[in-house]
Amino acid sequence: MLKFGLRQAGIFALGLLGALLLAAAISALPAGRAAYPGAFLQHLLHVAQFDFGASVLTGNPAVAEFSARMAATLELVGSGALMALLIGIPLGIAFGLRRSLRAAAPLIQIVAAAPVFCASLALIFVAVNVLHWHDLHYDGTDLFQVLAARDQSQLVHAFHIFSLPAVTVGAVGVAAVQLVLRGAISDAADEPYRRNLKLMGLSAFEIERIYVAPQVVAHLFAHLGDIVLALFSAAAVAEWMFGWPGAAYLFVKSVALHDWNVVALILLAFTAIKLFADFIGALSAHALAHPESAR
Amino acid sequence: MSMAIDSPHLARAQTLLAAIRTTGLIGLALIAILASLSDVIARAPADRAGYGSELQSPSMLYPFGTDCLGRDMLSETLHGLAATASDAVLAMIVTLIAGGLSGFVLARLPFGTGYVPRGIAGVLGSVPALLLAILAVGILGRDFAPYAAGLAAAPLAFARAFDRARALGESPHAEYARASGIPVSTLLRRDLAYEFRDQFIAVAARALAAVTITLSTMSFLGFSAHRDLGLVIAAERSSYLAAWWTAAFPALALLVLVLFARLAATLEEGERP
């Protein structure tokens with residue numbers, strides 16, 4: 001386990017180094033072609049000390065611009081992740097265990113072909129024309145304050161604002177989680193050890209609980225980075241669609257206006273989160289798959 | 001005994017996969033024909049305002065209706081589909097060269113030096129492809145949107161091809177080839193030929209699905225110079241809530257294009273391209 005952990009830590013550290021180099025390369029873009037190498041080295045030194053300079057648009061430190069927005073993105077990704085786990089896990093188990101449910105495969109294939117922005121437009125259409133919600137655009141409402149105040153009209157308003165972006169991100173997460181689980185369960189169903197364990201007298205439930213469940217959960221952890229990446233990708237589109245004041249929305253605006261310091265910082269943060277998810281996922285998967293080495 | 005049980009099951013699964021792939025390829029071929037003849041089939045040139053009266057719902061005269069500027073949505077959808085398909089093919093080629101081919105070749109670099117580009121691809125692949133493509137457009141300009149989308153999809157394609165090539169390099173046939181003195185370049189040529197034969201359609205279709213989604217989303221967000229389906233849908237954003245057909249038909253065309261590419265790649269349901 002220690003050897004595996006050190007190897008994964010090394011991969012994580014190298015990934016972070018690559019992300020820092022990428023951030024420095026982006027920060028140095030305004031220098032122009034002739035002065036670029038010098039500017040790159042200078043920015044690399046600054047970035048290594050987590051000094052990302054100032055936003056050229058507001059003059060505020062890039063870190064301040066970013067941290068004000070990242071909380072909103074994490075809120076969105078967190079709610080999407082919760083939905084992905086609550087719906088994706090039962091769905092993945094159902095699709096994996098009940099092969100008759102494979103009849104739904106063509107429908108899922110069609111839904112999966114829809115780009116996220118098209119799905120968001122469809123959600124907005126249903127919300128406005130069927131549910132008669134007309135307050136979908138983010139207007140500065142603080143979800144936690146509303147929850148604390150317990151005012152019913154404010155709660156309904158907050159629900160209208162938060163639910164659609166969360167559903168957009170969550171739907172992508174559900175697709176990712178169910179796919180990983182379904183694959184793991186299908187693989188486990190064909191494992192030869194099942195038959196041998198049955199011959200040894202173990203009940204089907206015991207085999208599932210002791211042998212199959214850890215294998216399936218390990219598979220989910222092994223793909224944690226991919227699930228996190230899918231959630232952040234969806235959040236990028238959802239933030240734009242619903243005016244959500246998150247980091248991905250800031251990224252799009254900053255690229256359009258060539259605010260490279262902010263762009264570099266957001267990219268570094270997104271990359272670091274994905275690499276961290278890969279790292280944690282790999283360690284957890286290994287610990288579950290090799291419990292004897294985890295002790 | 002196990003073989004006897006597995007063989008019909010395996011044969012059925014392979015037949016189903018072949019049928020799905022063929023359906024996808026036929027669909028893509030039909031879209032290619034439609035896209036190449038769009039100027040002939042479409043009744044109005046692209047972005048032609050005032051072709052009909054405003055916001056006409058679908059009818060015999062206007063099968064896809066008209067939008068708030070009186071544009072014929074059937075013509076707009078066809079032109080948008082042609083622009084999307086041609087840009088997507090260009091982006092797919094970029095992905096195949098910068099991702100699939102490079103990954104396969106660089107995996108065979110001596111002394112494990114191929115792991116350096118593999119690491120770079122791993123870092124770039126940790127960024128959502130859409131954000132990577134937007135960044136590339138921010139640096140290169142909107143005219144380079146197809147290249148940007150292709151480059152953004154390349155890291156994942158590179159990583160997949162690299163890992164496959166490494167696995168092939170460690171397979172028994174490679175061990176025997178090395179032991180019998182067959183040069184590395186000959187082995188690479190042989191593996192590349194088999195890779196092309198067995199994987200090209202799946203890899204290319206997967207890349208097509210990925211870049212089509214990225215390209216149309218970029219256009220929707222305003223990061224493309226071409227009037228493709230993403231931009232057509234974005235232009236109808238203010239009117240589609242009252243006139244569903246203005247966005248529904250272009251979105252449907254986009255969905256069909258991605259769906260056929262996914263089928264041709266035989267992606268699993270819910271799998272990201």
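Note that this is a predicted model, so its numbers are computed, not measured. Chain letters run A, B, ... following the sequence lines, proteins first, then strands; residues in each count from 1.
Counting heavy atoms from C-beta on, the side chains of A/Leu229 and B/Pro128 come closer than 4.5 Å. Using a 4.5 Å cut-off on side-chain heavy atoms (C-beta onward), A/Cys118 and B/Leu255 make no contact. The closest side-chain heavy-atom distance from A/Phe232 to B/Leu130 is not below 4.5 Å.
For CZ of B/Phe144, the number of neighbouring non-hydrogen atoms (other residues, nucleotides, ligands) closer than 6.0 Å is 12 at most.
With sequence neighbours excluded, no residue forms a ring-ring contact (aromatic ring centres under 6.0 Å, His included) with A/Phe66. Scored by the ring-ring contact (aromatic ring centres under 6.0 Å, His included) test, A/Phe12 finds A/Phe276, A/Phe279 as partners (sequence neighbours excluded).
Of the two parts of A/Ala114, the backbone and the side chain both hold a non-hydrogen atom closer than 4.5 Å to a non-hydrogen atom of chain B. Heavy atoms of A/Leu29 lying under 4.5 Å from chain B belong exclusively to its side chain. In this structure, the portions of A/Ile110 lying under 4.5 Å from any heavy atom of chain B include both its backbone and its side chain. Within the 4.5 angstrom heavy-atom criterion, only side-chain atoms of A/Phe251, from C-beta onward, approach chain B. Heavy atoms of A/Phe117 lying under 4.5 Å from chain B belong exclusively to its side chain.
Among A/Leu121, A/Leu14, A/Ile124, the residue with the largest count of heavy-atom pairs under 4.5 Å with chain B is A/Leu121.
Applying side-chain contact (heavy atoms from CB on, under 4.5 Å) to A/Val263 and the options B/Ile134, B/Leu135, B/Ile139 leaves one that passes, B/Leu135.
Residues of residues 216-233 of chain B lying within less than 4.5 angstrom of chain A, judged on heavy atoms, are B/Ser216, B/Thr217, B/Phe220, B/Leu221, B/Phe223, B/Gly230, B/Ile233 in numerical order. Within residues 237-253 of chain B, the residues having any heavy atom less than 4.5 Å from a heavy atom of chain A are, in residue-number order, B/Arg237, B/Tyr240, B/Leu241, B/Trp244, B/Ala251.
The nearest pair of heavy atoms linking B/Leu254 to A/Pro115 is CD2-CG, 3.7 Å.
We find the CG-OG distance between A/Leu268 and B/Ser126 to be 11.5 Å, quoted to the nearest 0.5 Å.
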